[in-house]
Amino acid sequence: MAEMWFPIIGFIRARTRRRPVAAAGPLARKLAYRFPSLEAEVYTGPTNFLRLGAAMARFTAKVLGLLVWLAMFLCTAPVHADPFFVRVYGRTYKIDPRNPTSEPKGPKPQEAMKALPSDLAKGPGFKPSHEQVLAEVEERVWIARTQLDEASENTTPSRGAETNATEMTGSLATGAEQSRSPEVQKLSDRHRALNLLVRELRRSMDLPVRTPGAGFSRPKLSPEIEANFRSLNFDPLEAYYSFRRVKAAFRSNDIQLLARVIHYPLVVTGKIRRSIRNRDQLMTAKEMVLNPRIREIAAKSTFETVFVRDKGMMLGEGEVWITNDKAGFGLGAINTE
């Protein structure tokens, strides 16, 4: 049976010795050119015919391996998708439709961003800078994350100290916590949507896509502002981050969030002067400390325009004071008159 392959193989060798390929026919020379590795391994004798099969098997295995690798590459290669656009604080931004690799698995960005607050698109009445837009969204991220932390502590008391917003967002996105309440799911969806939006805003501004650990982007403070704070032995960055947290807590209208940024005792001056010494007392004074006028003053305040003295930072005409102690800055006084 093997004798019929002799003219096809073309690598002619005697029973006792091998003949050079050049002495073979044109088909042999063509095979030697295309498959040079076969020249050393393929023989025409029946005894050596198995070497042809082994060589062809190795060649076939290499081809199959290449095809498998190519298939895996095509499956994992990112699929092109057109960007979409989101209006934020009166400005329009282009959003990457692909999921970031650093985020937990979940819905696509275009689907996830349906959970953005409905009032986020509304402009402030002037064209804000990109830095102002980013600051607006970062405050909302802080609100959503802190509210999610509160929900985590209230719904899982045994794990309250160990569970945070990032863990909950990831577990909810992957379906591990679908038994949780619709309210918690809504907070998780909003937190994820705002995080994705911050990522895209930072990317558009050529900033690292991950927000710093403080939760807010590092500000570009003028030398005069930095010198003003340092002259009072205040860290200007620590003061800035505390200002942003207090401002966000007021705008949230959530007494639980406000409780997280307070220095007790909190002095509240109105028709009478009182000191709030703990969270329970704060809950009973909710209407007083979160009245609309105080909230509006906090919302309109900017770090560049706050008055600073040894006591701390004054917002408005003295309606809100962010004071400093050994623990850092926190809400220290409210004047409702």
Side-chain angles (χ1 to χ4, degrees), residues 88-89 128-150 164-166 169 190-191 194-195 197-199 201-202 205-264 266 282 289-290 294-295 297-316 319-334:
V88 184
Y89 211 38
S129 66
H130 295 301
E131 289 76 14
Q132 288 173 317
V133 174
L134 180 60
E136 168 80 11
V137 179
E138 284 179 339
E139 286 184 12
R140 289 175 182 255
V141 170
W142 183 88
I143 292 170
R145 183 180 67 247
T146 310
Q147 287 177 333
L148 194 54
D149 286 343
E150 285 283 343
N164 57 37
T166 302
T169 302
R190 182 185 303 164
H191 179 252
L194 289 167
N195 259 334
L197 181 57
V198 164
R199 179 201 68 173
L201 292 177
R202 293 180 64 83
M205 298 168 64
D206 294 326
L207 296 172
V209 293
R210 186 175 294 276
T211 304
F216 301 99
S217 299
R218 186 184 180 96
K220 298 177 181 179
L221 301 177
S222 68
E224 293 77 15
I225 291 177
E226 289 202 21
N228 193 17
F229 278 90
R230 295 192 188 282
S231 67
L232 297 168
N233 295 320
F234 293 156
D235 183 338
L237 288 180
E238 181 186 349
Y240 173 79
Y241 295 140
S242 298
F243 166 81
R244 295 287 300 278
R245 286 190 287 269
V246 170
K247 182 179 176 181
F250 270 113
R251 70 178 300 175
S252 74
N253 198 29
D254 188 331
I255 195 66
Q256 301 290 349
L257 269 60
L258 195 67
R260 289 178 174 249
V261 299
I262 285 178
H263 277 171
Y264 294 107
L266 173 66
L282 179 66
V289 299
L290 283 178
I294 299 297
R295 290 181 57 222
I297 289 170
K300 290 183 176 180
S301 298
T302 63
F303 187 72
E304 290 76 13
T305 59
V306 297
F307 173 74
V308 189
R309 50 165 290 188
D310 57 343
K311 179 181 177 181
M313 295 178 281
M314 183 184 81
L315 279 60
E319 289 86 355
V320 177
W321 277 93
I322 301 174
T323 56
N324 184 58
D325 62 14
K326 293 180 180 179
F329 288 93
L331 179 61
I334 296 175

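Keep in mind that this is a model prediction, so the values were computed, not measured. We're numbering straight along the sequence, starting at 1. Side chains are part of it too, since the values below use all heavy atoms of this structure and drop only hydrogens, waters and symmetry mates.
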S.K.: Compare every heavy atom of Asp149 with every heavy atom of Arg260, then report the nearest pair and how far apart it is.
M.R.: NH2-CB, 4.0 Å
S.K.: Looking only at heavy atoms, what is the nearest atom pair of Glu131 and Lys220, with distance?
M.R.: OE2-NZ, 4.2 Å
S.K.: Can you give me the closest heavy-atom contact between Ala144 and Leu194, atom names plus distance?
M.R.: CB-CD1, 4.1 Å
S.K.: For the CH2 atom of Trp321 and the CG atom of Leu266, what is their distance to the nearest 0.5 Å?
M.R.: 14.5 Å
S.K.: Working to the nearest 0.5 Å, report the span between CG of Leu290 and OG of Ser252.
M.R.: 7.5 Å
S.K.: Which value, rounded to the nearest 0.5 Å, describes the distance between Glu319 atom CD and Ser301 atom OG?
M.R.: 8.5 Å
S.K.: Taking the side chain as everything from C-beta on, heavy atoms only, tell me whether Leu315 gets closer than 4.5 Å to Phe250.
M.R.: no
S.K.: Which atoms form the tightest heavy-atom contact between Val289 and Ile294, and what is the distance?
M.R.: O-CG2, 4.1 Å
S.K.: Under 6.0 Å from the CZ atom of Arg230, do we count more than 12 heavy atoms belonging to anything else shown?
M.R.: yes
S.K.: Side-chain contact, heavy-atom cut-off 4.5 Å: Lys247 with Glu139?
M.R.: yes
S.K.: Could you give the distance from CG (Asn253) to CD1 (Ile143), rounded to the nearest 0.5 Å?
M.R.: 10.0 Å
S.K.: Supply the atom-to-atom distance Asn324 CG to Glu238 CD, rounded to the nearest 0.5 angstrom.
M.R.: 6.5 Å
S.K.: Of Phe234, Phe243, Phe229, Phe303, which meets ring pair (Phe, Tyr, Trp, His ring centres under 6.0 Å) against Phe329?
M.R.: Phe234
S.K.: Are any non-hydrogen side-chain atoms of Arg210 and Arg202 less than 4.5 angstrom apart?
M.R.: no
S.K.: So which heavy atom on Tyr240 is nearest to which on Ser217, and how close?
M.R.: CE2-O, 3.7 Å
S.K.: Rounded to the nearest 0.5 Å, how far does CG of Asn195 lie from OG1 of Thr211?
M.R.: 6.5 Å
S.K.: Any non-hydrogen side-chain atom of Leu331 less than 4.5 Å from a side-chain atom of Ser242?
M.R.: no
S.K.: Checking Tyr241 against Arg245 for the side-chain hydrogen bond (donor to acceptor under 3.5 Å, both in side chains) test, could you report, in this order, the C-alpha distance in whole Å, the side-chain angles of both residues, the deciding distance, and whether it holds?
M.R.: CA-CA 6 Å; Tyr241 295 140; Arg245 286 190 287 269; over 6 Å; no
